Colleague: 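I am attaching a structure below and will ask some questions about it afterwards.
Values in this document were obtained by computation on a predicted structure and should not be read as measured data. Letters A, B, ... are given to chains in the order of the sequence lines, protein chains preceding strands, and every chain is numbered from 1.
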Amino acid sequence: MTKAEKQAELIREISGTDPYKCMKCGKCSASCPSFSEMDIKPHQFVSYVLHDDIETLANSRSLWKCLSCFACVERCPRDVKPGKLIDAARQLVIRQRGQDYLKADEIPELLDPELPQQLLVSAFRRYRR
Amino acid sequence: MKYSYYPGCTLKNKAKELDRYARVCAEKLGFELEEISEWQCCGGVYPLGSDEIATKLASVRALNEAKEKNQDLITLCSACHHVLKRVNDDMKNVEDIRTRANNYMQLAQPYQGETKVVHYLEVLRDVIGFDALKEKVTNPLAGKKIGAYYGCLVLRPGKILEFDDPENPSIIEDFIRAIGAEPVIYPYRNECCGGYISLKEKELSRSMTDKIMESAAGFGADMLITACPLCRYNLNMSGSDSAVPVYYFTELLAEALGVKEEVSR
Ligand code: SF4
Ligand code: SF4
């Protein structure tokens, strides 16, 4: 197995989803509220995993634009769960040392007095290890 | 009727009203909320990786305590509800997660998803009943046009949350009718507010919030109600305009039941 194949295998494992079921209908991307901000769109994300191109996904802006809102998961007719694939790629990145998307020392300036605890704990879980 | 109750971290802090109004209303409606002892934060978002176990254990502990007391477990915050419900589904249906979580926990009896997790709104709908609730309303909010803001966490994935139809929900509109107001149905009521994105991506968050607010205002809502502290924060704080105020549904419930004054702000 090449490194690329191993990484793709890992994404399938972490996400627990099967990208081979995708029929490229585009419903996930049509549903995605972050669509316009994503360089790789949710339905394209699925194709990259199919083609074992995880390197490109790991460097994609989309990892940090996905809201985990599950609109794509709810509406996919084939139960592919693109949002889970995106999270798995994000995990692959932040599980490496020094790759946290939210650094401890940038937090103070992001806070405001109304900010709910829920926002911080959620961002911690999605952006850091 | 006595329930285990999981308030979560935000309801002890920035969203105290959501919790306090819920407590006085429960008393008025005749059900008891028994707070889980030493509950820990659910983490705010469900850990999606199927190999993640440690991040799910705080939820398992709370679920197991409710099981030992033989009570259903009530949640109020949309995020806590989402996380507890999904972890419970894992414990019930995903053998690998169940086995590994129980190996960590070493409970007297393994936890296998026995607890029923219910949202406060589901208790109003399924146990009290909206018709019965309507009869208990002493101060109907007549003339108010209220938009339900569901967001994503309580609805999706519909197969696991089983809260309401994820595309055409009606529970909060029925609630609005029960407290004597008029529901406003607008297209963006179940669109995501942006969630945690507002911490680092202010622009993206603003554009999402603006779409929801424009949609609600355009359909004539005077105000919105929600069960989620983060939705409320984003809708109030992250958009370019906050012409439509956002409240917790429990505050309006307390007003309608005539117990609002019992809560000191
Ligand atoms: S909605 Fe599902 S089947 Fe359609 S393109 Fe997206 S992942 Fe593929
Ligand atoms: S979960 Fe992510 S990819 Fe899916 S619709 Fe929501 S923002 Fe888009």
Colleague: Can you list the residues of residues 1-14 of chain A that sit under 4.5 Å from chain B, counting heavy atoms only?
Modeller: A/E13, A/I14
Colleague: By number, which residues in residues 6-15 of chain B have some heavy atom less than 4.5 Å away from chain A?
Modeller: B/C9, B/T10, B/N13, B/K14
Colleague: Decide, yes or no, whether a salt bridge links A/E74 with A/K27 under the criterion of side-chain N to carboxylate O below 4.0 Å.
Modeller: no
Colleague: Under 4.5 Å from any heavy atom of chain B, what part of A/L115 do you find: side chain, backbone, both or neither?
Modeller: both
Colleague: Looking at A/K65 and B/E201, is there a salt bridge between them, counting it only when a charged N and a carboxylate O are closer than 4.0 Å?
Modeller: yes
Colleague: With no hydrogens and no angle check, just 3.5 Å: does a side-chain donor-acceptor pair link A/S47 and A/Q44?
Modeller: no
Colleague: Check whether the side chains of B/Y46 and A/D87 place a donor and an acceptor atom closer than 3.5 Å, and report yes or no.
Modeller: no
Colleague: Sort A/Q118 into side chain, backbone, both or neither according to what part of it lies under 4.5 angstrom from a heavy atom of chain B.
Modeller: both
Colleague: With a 4.5 angstrom heavy-atom cut-off, could you sort out which part of A/S34 is near chain B: side chain, backbone, both or neither?
Modeller: both
Colleague: Got more than 12 heavy atoms from elsewhere within 6.0 Å of NZ, B/K92?
Modeller: no
Colleague: When only pairs under 4.5 Å are counted, which of B/N236, B/L199, B/N190 shares the most heavy-atom pairs with chain A?
Modeller: B/L199
Colleague: Centroid separation under 6.0 Å, is that true for the rings of B/H82 and B/F163?
Modeller: no
Colleague: Name the region of B/E203, side chain, backbone, both or neither, that has any atom closer than 4.5 Å to a heavy atom of chain A.
Modeller: neither
Colleague: Select, from B/R232, B/M237, B/E191, B/E167, the one with the greatest count of heavy-atom pairs under 4.5 Å involving chain A.
Modeller: B/E167
Colleague: Chain B heavy atoms under 4.5 Å from A/E114: which part of the residue, side chain, backbone, both or neither?
Modeller: both
Colleague: Are B/R61 and B/Y104 in a cation-pi setup, meaning NZ or CZ lies under 6.0 angstrom from the ring centre and within 45 degrees of the ring axis?
Modeller: no
Colleague: For A/E37 and A/R61, run salt bridge (charged side-chain N to carboxylate O under 4.0 Å, His left out): C-alpha distance rounded to whole Å, both residues' side-chain angles, the deciding distance at 0.1 Å, then the answer.
Modeller: CA-CA 8 Å; A/E37 297 289 318; A/R61 248 193 347 192; 5.5 Å; no
Colleague: Between B/I197 and chain A, with a heavy-atom cut-off of 4.5 Å, which part of the residue counts as in contact: side chain, backbone, both or neither?
Modeller: both
Colleague: With a 4.0 Å cut-off on N to O distance, would you call A/R95 and B/D51 a salt bridge?
Modeller: yes
Colleague: Look at the aromatic rings of A/Y101 and A/W64 and report parallel, tilted or perpendicular, splitting at 30° and 60°.
Modeller: parallel
Colleague: Is B/D96 salt-bridged to B/R100, going by a charged N under 4.0 Å from an acidic O?
Modeller: yes
Colleague: Is the CD atom of A/E106 crowded by more than 12 outside heavy atoms at less than 6.0 Å?
Modeller: yes
Colleague: Who wins among A/A123, A/P33, A/S31, A/P113 for the most heavy-atom pairs under 4.5 Å with chain B?
Modeller: A/P33
Colleague: What option among A/L120, A/L111, A/V73, A/L67 has the most heavy-atom pairs under 4.5 Å with chain B?
Modeller: A/L67
Colleague: Side chain, backbone, both or neither: which part of B/P166 has a non-hydrogen atom closer than 4.5 Å to chain A?
Modeller: side chain
Colleague: Under 6.0 Å between ring centres, would you say that holds for B/Y186 and B/F219?
Modeller: no
Colleague: At a heavy-atom separation under 4.5 Å, does A/A88 approach chain B through its side chain, its backbone, both, or neither?
Modeller: neither
Colleague: How about B/T55 and A/R125: does a side-chain donor come under 3.5 Å of a side-chain acceptor?
Modeller: no
Colleague: Is a donor from one side chain sitting under 3.5 angstrom from an acceptor on the other, for A/S29 and A/H43?
Modeller: yes
Colleague: By a 4.5 Å heavy-atom criterion (distance strictly below it), what part of A/S15 contacts chain B: side chain, backbone, both, or neither?
Modeller: backbone
Colleague: Between A/F124 and chain B, which part of the residue has a heavy atom less than 4.5 Å away: side chain, backbone, both or neither?
Modeller: neither
Colleague: Does this structure show an ion pair linking B/R20 with B/E251, if we count only N-O contacts that are shorter than 4.0 Å?
Modeller: no
Colleague: Taking NZ, NE, NH1 and NH2 as the nitrogens, is one of them in B/K16 or B/D19 under 4.0 Å from a carboxylate oxygen of the other?
Modeller: no
Colleague: For A/K81, is it the side chain, the backbone, both or neither that has a heavy atom under 4.5 Å from a heavy atom of chain B?
Modeller: neither
Colleague: At a 4.5 Å cut-off on heavy atoms, which part of B/C42 comes close to chain A: side chain, backbone, both, or neither?
Modeller: backbone
